[in-house]
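By convention in this document, chain letters (A, B, ...) are assigned in the order of the sequence lines, proteins followed by strands, and residues within each chain are numbered from 1.
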There are 2 protein chains.
Amino acid sequence: MAVPPSTGAPPVDAPRAAPVVVPARETIRHPPKEALDLSQILRTVGDPLRLSIVRMLADGREMLCGPLGEALGLPKSTGSYHLRLLREAGVTRTRQEGTLRYVSLRRDDLEDRFPGLVDVLTGAQ
Amino acid sequence: MAVPPSTGAPPVDAPRAAPVVVPARETIRHPPKEALDLSQILRTVGDPLRLSIVRMLADGREMLCGPLGEALGLPKSTGSYHLRLLREAGVTRTRQEGTLRYVSLRRDDLEDRFPGLVDVLTGAQ
DNA sequence: TCCGAAGTTCCAAAGTCTTGGAACAACCGG
DNA sequence: CCGGTTGTTCCAAGACTTTGGAACTTCGGA
């Protein structure tokens, strides 16, 4: 609580304030393949907005967050929210490059864990 | 508002009180096959309780509402609620016989509209 | 070094879903 | 025709989800 009067030198334990290296943006959390949960995935893609996103990614392309949200007329924060849910459910994968985030369908792992699911979602038979 | 004094004969316009034939229990509403909506279905089976119900019905048997709810430890009203959601989404079919309701998976229509979906839900490959 | 662009996080309001007790309806058997 | 059984509907409380503006972080370029 007590702030020492200015001595002209930096306070001796100020460096202790940040002892942990926070990896910040470089770490984007994805659930491991074995942790994917069918209920969670179904609940997540059960939202029409999010199902649209899955379909935009169906061809395997990577897309940026901006265009994905804009295509659905969403404000940035709302787009970010839905993309986070998709990533946390394991439906999409996100890769950072500079300030850009490339989003793609996590097709390989989904197919491995729940064969046929992606085809059902994207309407491919 | 004025009730006529008893005349020994039934009041002349009493039959008007029930002009519409209410089919009551005999009519259980199911969405037509063409109206099934993938988002709604996914949202519905995205609940772990409801996914369990789908799996209990996976072998094609009919089950009664009671046993379905009891197997999951649900009070009657809660079981009834989840079974209604499944029926309204087109996932199950319900048929009445006396006071009993037989519930089964609507596999034919689901397979027709969304091929592969039932297998994904039930874990069959 | 400052600016703008890309995205995220924070947060509160609004909306939707779930739960379970109580009351109810319909049918069956005795 | 009464009592039990099966299941539904009603309803209010609580939980969870969605929305979008504002503030913020990070990076790249001029």
May I ask you to verify if any side-chain N or O of [X] is less than 4.0 angstrom from the OP1 or OP2 atom of [N]?
{"X": "A:Thr99", "N": "D:dC27", "result": "no"}
{"X": "B:Arg101", "N": "D:dT8", "result": "yes"}
{"X": "A:Thr78", "N": "D:dG20", "result": "yes"}
{"X": "A:His82", "N": "D:dT17", "result": "no"}

Worksheet item: For the side chain of B:Leu49, counting heavy atoms from C-beta on, which of C:dT8, C:dT19, D:dT18 is nearest?
Response: C:dT19

Counting the atoms with a prime plus P, OP1 and OP2 as sugar-phosphate, which does [X] contact under 4.0 Å by heavy atoms, base, sugar-phosphate, or nothing?
{"X": "A:Arg43", "answer": "nothing"}
{"X": "A:Leu83", "answer": "nothing"}
{"X": "B:Leu85", "answer": "sugar-phosphate"}
{"X": "B:Leu64", "answer": "sugar-phosphate"}

Distance in angstrom units between [X] [atom1] and [N] [atom2], rounded:
{"X": "A:Tyr81", "N": "D:dT18", "atom1": "OH", "atom2": "C1'", "value": "5 Å"}
{"X": "B:Arg84", "N": "C:dT19", "atom1": "CZ", "atom2": "C1'", "value": "13 Å"}
{"X": "A:Leu72", "N": "D:dG20", "atom1": "CG", "atom2": "C1'", "value": "16 Å"}
{"X": "B:Leu74", "N": "C:dT19", "atom1": "CG", "atom2": "P", "value": "7 Å"}
{"X": "B:Asp47", "N": "C:dT18", "atom1": "CG", "atom2": "C1'", "value": "9 Å"}

Practice prompt. Search all heavy atoms of B:Asp47 against all heavy atoms of A:Ser39 and return the closest pair with its distance.
Written response: C-OG, 4.3 Å

Practice prompt. Find the distance between CG (B:Leu105) and CD (B:Glu111) and round it off to the nearest 0.5 Å.
Written response: 10.5 Å

